[in-house]
Amino acid sequence: MTDLIPLSDGLDDIVAAETVLSEVDGAHGRLVIRGRPVQSLAGAESFENVAHLLWSGFFDALPPPPLFARALGQARARVFAETHALDVRLLTLEPVDAMRALVARLPDGDGLETALDLLAAPAVFLPAILRARAGLHPLAPDPARGHADDMLRMLTNRESPALAAALDAYLVTASDHGLNASTFAARVVASTHSGLTSSVVAGIGALKGPLHGGAPGPVIEMLDGIGTAENARAWIEAALDRGDRLMGFGHRVYRVRDPRADALKGAVERLIESSNALPGRLALAKAVEDAAIDILRKRKPNRSLDVNVELYTALLLEALAFPPEAFTPVFATARTAGWIAHAREQRMKGRLIRPQSRYVGPTPLPDAA
Ligand code: ACO
């Protein structure tokens, strides 16, 4: 009888998996990825190295980091052939949906080659989608380059070590984050012994919602709407009066500041130092952050609402020339590393995930005599 089982709508405080991959400590604002605080990885390790760290122990014959990076480059070259499937119909979709459709075409499986193709795919598909939307041909990958560097080059046809370093820091910061909604979706699929492609497609589907990975695009709309630092308080008060949520604030787990916000703020500051881009935008974001936190504390004194990862994600990705509609697919590019690791962990150690529901619908009428 499910009436006797306590209902947990949203599954808050339910532990549904044991993982060696990452720990989200919401009370202290800490994110640890395989034993390393996220701040010590972002800006210090490449995305390839962090993907390797996440996947260690989950694949037979995982090559050591330099060879892993090379294998990922070769996977980018392999999946590039799939960009031929980008047709007019796919280009009418949002970039995240076009990306999901292209990823779904990849063969399903559990091996390392499937995993590498899936990790490579978003970094190849997104630039191709964005260029096709602008009437431009896709640029082929260069397997010898770093993943972030190559992704940016395939988008802009330009080289910039400073911009590539900023994207690398973003991809590392967003690579894994405990049992968030998209990772849970990926693990549910893996728990049925379906393949990695199915898990990643499920992850993209869950990620794109505005309560999860779909927030940074609306953050740009919010910053544009606010316009100037002086306007921040009035704009925020009016938005909250309308019952709107402030994009880039609040989190289900963090009760203090999201540590990824600071990792990304650092990356934005390094970018400003090296390229002198964005100083006005950063000042506006800081003013919005200060005003929003102050107002949210006054309005919701019982709910600790602070900045989350999406505010500085939006700033960083905007500086890298990604349009707002591409922010969620860039997030997926990073999180695919985590989804694959979690799917493998679930497959190797977990059970079929099958919770129960409590029926509250109408009782069947007794059979007519
Ligand atoms: N702006 C205004 N009020 C908020 C916000 C916000 N951003 N976030 C939460 N609240 C309020 C809610 O209205 C609610 O108030 P109430 O109790 O008076 O009804 C209270 O705080 C608690 O809200 P919940 O919905 O219980 O918070 P939950 O933990 O479910 O939500 C979420 C977390 C979805 C992230 C929420 O904070 C939100 O909608 N934020 C804006 C969207 C966003 O930034 N998403 C990205 C999250 S980070 C990530 O997934 C990568």
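Whatever order the structure lists ligands and atoms in, that order sets their numbers, starting from 1. Heavy atoms only: backbone and side chains are in, while hydrogens, waters and symmetry mates are out.
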Subject >> Minimal non-hydrogen separation, S182 against G203, with atom names >> reply: CB-O, 3.3 Å

Original post:
Does a side-chain N-to-carboxylate-O contact under 4.0 Å join E289 and K265?
Top reply: yes

Original post:
So, are R187 and E345 salt-bridged, with charged N and O less than 4.0 Å apart?
Top reply: yes

**OP:** For ligand 1, would you mind listing the residues that have at least one heavy atom less than 4.0 Å away, ordered by chain and number?
**Re:** P210, L211, H212, A215, L240, R245, L246, M247, G248, F249, G250, H251, R252, L296, K300, R303, L305, N308, V309, E310, F331

Subject >> With sequence neighbours excluded, residues passing salt bridge (charged side-chain N to carboxylate O under 4.0 Å, His left out) with R303 >> reply: none

**OP:** List for me each residue that meets salt bridge (charged side-chain N to carboxylate O under 4.0 Å, His left out) alongside E269, sequence neighbours excluded, and say none if there are none.
**Re:** K286

**OP:** Could you list all the salt bridge (charged side-chain N to carboxylate O under 4.0 Å, His left out) pairs where at least one residue sits in residues 58-77, not counting sequence neighbours?
**Re:** R76-D150

